[in-house]
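Each remark here refers to the structure printed beneath this line.
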Amino acid sequence: MTTPDLPAPSDFIRAIVAQDLTAGKHGGRVVTRFPPEPNGYLHIGHAKSICLNFGIANEHHGVCHLRYDDTNPTTEDPEYVQAIQEDVRWLGFEWGDKLFYASDYFEQLYLYAVQLIKKGKAYVDSLSAEEIRRYRGTLTEPGKDSPYRTRSVEENLDLFRRMRADEFEEGAHVLRARIDMASPNINLRDPVLYRILRAHHYRTGDKWCIYPTYDYAHPLSDAIEGITHSICTLEFEDHRPLYDWVIEQCDTPHRPQQIEFARLNLSHTVMSKRKLLELVEKRYVAGWDDPRLPTLKGLRRRGYTPEAIRAFCEHIGVAKRDATIEAALLEHFIREDLNRRAPRVMGVLRPLRVVIDNYPEGQVEEVEAVNNPEDPRMGTRKVPFSRVLYIEREDFREDPPKQFFRLAPGREVRLRYAYIIQCTGVVKDERTGEVVELRCTYDPQTRSGSAQAGRKVKGTLHWVSAAQALEAEVRLYDSLLQNSVGGPTDAQDFTAQLNPHSLERLTGCRVEPSLAGSSPGHRYQFERQGYFCVDPDSTKDRLVFNRTVSLKDTWAKVEKAQRGEESG
RNA sequence: UGGGGGAUCGUCUAGUGGUAGGACGUCAGACUCUGGAUCUGACUACCUAGGUUCGAGUCCUAGUCCCCCAGCCA
């Protein structure tokens, strides 16, 4: 985590904070907040905001509040409240006792509203929703005053009190700010401050039937908590005059400053709550923690580490221009992290049986394997080797193309940490012609670590000993969307862009016996393949792995280029 | 000719009048018992047009393009 006084990432928001500090603007305090609405799970876009808000606070020995923006009970759910806290903690941030809810301020907010009415700055409007929309005007035409705009303070007070007292139907009245129906900024055309919602609130129960809107509750919540810098995304930029209006008119003791930055867009995935919800509800994915989703829960299940996500968030920067980060950048950070930390292991995804004809039947020897060449402290382990093995089906070609350094009839390769073998025969299924087994011989002189082991071969393969191998299921993931799009303006039916091959389940995979008993959440590098994470679906008898990300695959590039030449 | 924002390598991002830098990516090579990692090298950018200036990505003028806003959502 960011340590105070170390050189921090620099961006325009941090520059503003630093300037404010120098100017003594908030008495030297820095208080930020992360204000999620509990109506969905957190995703990596939220992670950017979390890292920003908590990061800035930490850098200045300040605090960052976790505050739920729970002003709309019709869409919010306590399920999300719990999940959000878990996710923020998992990401590595602590809010101490600074856990708040906008609903904690409902009474204060109501009192402020009464003051606004008394000042003539708010009124009860009895137009229908549809009428309000029509009276609002358009982007190019000014709005018209509601006929109720001129109600007396007394009448407004009475009506507002009775709204609270549950005397009206939903939609009968709203409380609106009296600002300017002709403002070129539509947000200033008498925005709604309170609406009647006869909904049960998960925290305040049935105490309230009127609820404040975001535009009213948010600035006041910030002010009440003494937030100094209220950081939000760009779409709220033209709400800032309203934010400031509310603070000004309510004459709060603190004057927080709203600053906007560009939200995170990631290629090949979706980030909007609406779309994520749709994917979950319509069962395009298995749930909020589906490893294909950019939700924090999904990324965690996929095998992403909080460290990698934080490193990603720190490196993408903070600016005001719309940007879409390539998914490859996120992958870079998880590879970088896991390369350092993940123990190596051998696992065969699509097994091809290999019999070493000149290896003694029934013999098993143990070869020593390095757990992590990047970190000698992680030690070594023993891996059983015997006459019958499995190698990766794609590591054998009967008719090898150029540059194919792996096994083929007559060819030699090294088995990682073991012997050099030569392919002497190919056994095929008589009916299908499919290669079902390889016959090989080994060179006893070439065992890894032995004096004569120095002979060079072009390829090294991973393998498992058939008798000792554990059977496993492996889930391979590809991007959620086929195209890189995913921006906020793409087609309404984004589901047409879903990648039909985003999930591939492999059963009958074989992994080395050292993996026995590995528990969910453990991460490994399967040598030559990628990083894998034990899934909670694992049972005592059968491990399930999620592929977090593949290793970079130079051969795949070479082969693709070769194909391109052929067809071109 | 409504308002608010924004334009720098393929993608992000620095640069606030003085050599356009970094990361990812891509390509080429070295090394390698992971075609991983690592290490070299290369690649490609200031939206346009004028102007100010010894000097402009930065300042000025005029354009162009992109994003956001007409919820009793946030």
Return the value, rounded to whole Å, for the distance between atom [atom1] of [X] and atom [atom2] of [N].
{"X": "W208(A)", "N": "C72(B)", "atom1": "CH2", "atom2": "C1'", "result": "17 Å"}
{"X": "K320(A)", "N": "C66(B)", "atom1": "NZ", "atom2": "C1'", "result": "15 Å"}
{"X": "E235(A)", "N": "C69(B)", "atom1": "CD", "atom2": "P", "result": "8 Å"}
{"X": "H239(A)", "N": "G4(B)", "atom1": "NE2", "atom2": "P", "result": "15 Å"}
{"X": "Y216(A)", "N": "C73(B)", "atom1": "OH", "atom2": "C1'", "result": "19 Å"}
{"X": "E260(A)", "N": "A74(B)", "atom1": "CD", "atom2": "P", "result": "18 Å"}
{"X": "K456(A)", "N": "C31(B)", "atom1": "NZ", "atom2": "P", "result": "10 Å"}
{"X": "E237(A)", "N": "G5(B)", "atom1": "CD", "atom2": "C1'", "result": "5 Å"}

With centres under 5.5 Å and planes under 30°, do W555(A) and G35(B) count as stacked?
->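 So yes, this residue stacks on that base, both cut-offs being met.
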For the side chain of [X], counting heavy atoms from C-beta on, which of [options] is nearest?
{"X": "R344(A)", "options": "U34(B), A70(B), G35(B)", "result": "U34(B)"}
{"X": "D238(A)", "options": "G3(B), U34(B), U26(B)", "result": "G3(B)"}
{"X": "E326(A)", "options": "G10(B), G36(B), G4(B)", "result": "G10(B)"}
{"X": "N72(A)", "options": "A74(B), C72(B), G6(B)", "result": "A74(B)"}
{"X": "Y214(A)", "options": "G71(B), G36(B), A74(B)", "result": "A74(B)"}
{"X": "A328(A)", "options": "G25(B), G35(B), C12(B)", "result": "G25(B)"}
{"X": "R321(A)", "options": "A70(B), U34(B), U13(B)", "result": "U13(B)"}
{"X": "L329(A)", "options": "A23(B), G2(B), A74(B)", "result": "A23(B)"}
{"X": "E374(A)", "options": "A37(B), C24(B), C72(B)", "result": "A37(B)"}
{"X": "L139(A)", "options": "A14(B), C69(B), G36(B)", "result": "C69(B)"}

For the rings on [X] and [Y], is their centre-to-centre separation under 6.0 Å?
{"X": "F385(A)", "Y": "W463(A)", "result": "yes"}
{"X": "Y243(A)", "Y": "H239(A)", "result": "no"}
{"X": "Y41(A)", "Y": "Y80(A)", "result": "yes"}

Quick one: is [N] close enough that its OP1 or OP2 comes under 4.0 Å of any side-chain N or O from [X]?
{"X": "S267(A)", "N": "U11(B)", "value": "no"}
{"X": "K458(A)", "N": "U32(B)", "value": "no"}
{"X": "S10(A)", "N": "A14(B)", "value": "no"}
{"X": "K552(A)", "N": "G35(B)", "value": "no"}
{"X": "R528(A)", "N": "G35(B)", "value": "yes"}
{"X": "R195(A)", "N": "C73(B)", "value": "yes"}
{"X": "R136(A)", "N": "C72(B)", "value": "yes"}

Separation of the [atom1] atoms in [N] and [M], to the nearest angstrom:
{"N": "C12(B)", "M": "U38(B)", "atom1": "P", "value": "24 Å"}
{"N": "C9(B)", "M": "A42(B)", "atom1": "C1'", "value": "14 Å"}
{"N": "G41(B)", "M": "U52(B)", "atom1": "C1'", "value": "41 Å"}
{"N": "U58(B)", "M": "G18(B)", "atom1": "C1'", "value": "11 Å"}
{"N": "A7(B)", "M": "G55(B)", "atom1": "P", "value": "26 Å"}
{"N": "A30(B)", "M": "C59(B)", "atom1": "P", "value": "47 Å"}

Could you please name the partner base of G36(B), counting Watson-Crick and G-U wobble pairs only when both distances are under 3.5 Å?
->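 Answer to the pairing question: none, since G36(B) forms no Watson-Crick or G-U pair.
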Pair partner, C65(B) [Watson-Crick or wobble, under 3.5 Å] =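 Matched C65(B) with G6(B) under the 3.5 Å cut-off.
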Using a 4.0 Å heavy-atom cut-off, does [X] contact any base of the nucleic acid, only the sugar-phosphate backbone, or nothing at all?
{"X": "I325(A)", "result": "sugar-phosphate"}
{"X": "E331(A)", "result": "nothing"}
{"X": "Q403(A)", "result": "base"}
{"X": "T74(A)", "result": "nothing"}
{"X": "L127(A)", "result": "base"}
{"X": "I196(A)", "result": "nothing"}

Closer than 3.5 angstrom, by distance alone: can the side chain of [X] be matched with the main-chain N or O of [Y] as a donor-acceptor pair?
{"X": "N187(A)", "Y": "D238(A)", "answer": "yes"}
{"X": "N372(A)", "Y": "R340(A)", "answer": "yes"}
{"X": "R136(A)", "Y": "P191(A)", "answer": "no"}
{"X": "K48(A)", "Y": "A262(A)", "answer": "yes"}

Go through the N and O atoms of the side chain of D322(A) and the base of G6(B), and report whether any donor-acceptor pair is under 3.5 Å.
->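 No, no donor-acceptor pair under 3.5 Å.
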Any donor-acceptor pair under 3.5 Å between the side chain of R406(A) and the base of G35(B)?
->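 Yes, the side chain and the base share a sub-3.5 Å donor-acceptor pair.
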Run through Y194(A), Y105(A), Y112(A), F106(A) and flag the one making a ring-ring contact (aromatic ring centres under 6.0 Å, His included) with Y216(A).
->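 Running ring-ring contact (aromatic ring centres under 6.0 Å, His included) over Y194(A), Y105(A), Y112(A), F106(A) with Y216(A) returns exactly one hit, Y194(A).
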Whichever of E141(A) and A323(A) has its nearest RNA chain B nucleotide further upstream toward 5' =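 The 5'-side residue here is E141(A).
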First of V558(A) and R240(A) reached from the 5' end of RNA chain B, by closest nucleotide |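 Closest to the 5' end, via its nearest nucleotide, is R240(A).
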Criterion salt bridge (charged side-chain N to carboxylate O under 4.0 Å, His left out) against R381(A), the qualifying member of E366(A), E512(A), E368(A) =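 Of the listed options, the one satisfying the test is E512(A).
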Does G51(B) sit syn or anti, given that only angles within 90° of 0 count as syn?
->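 It is anti.
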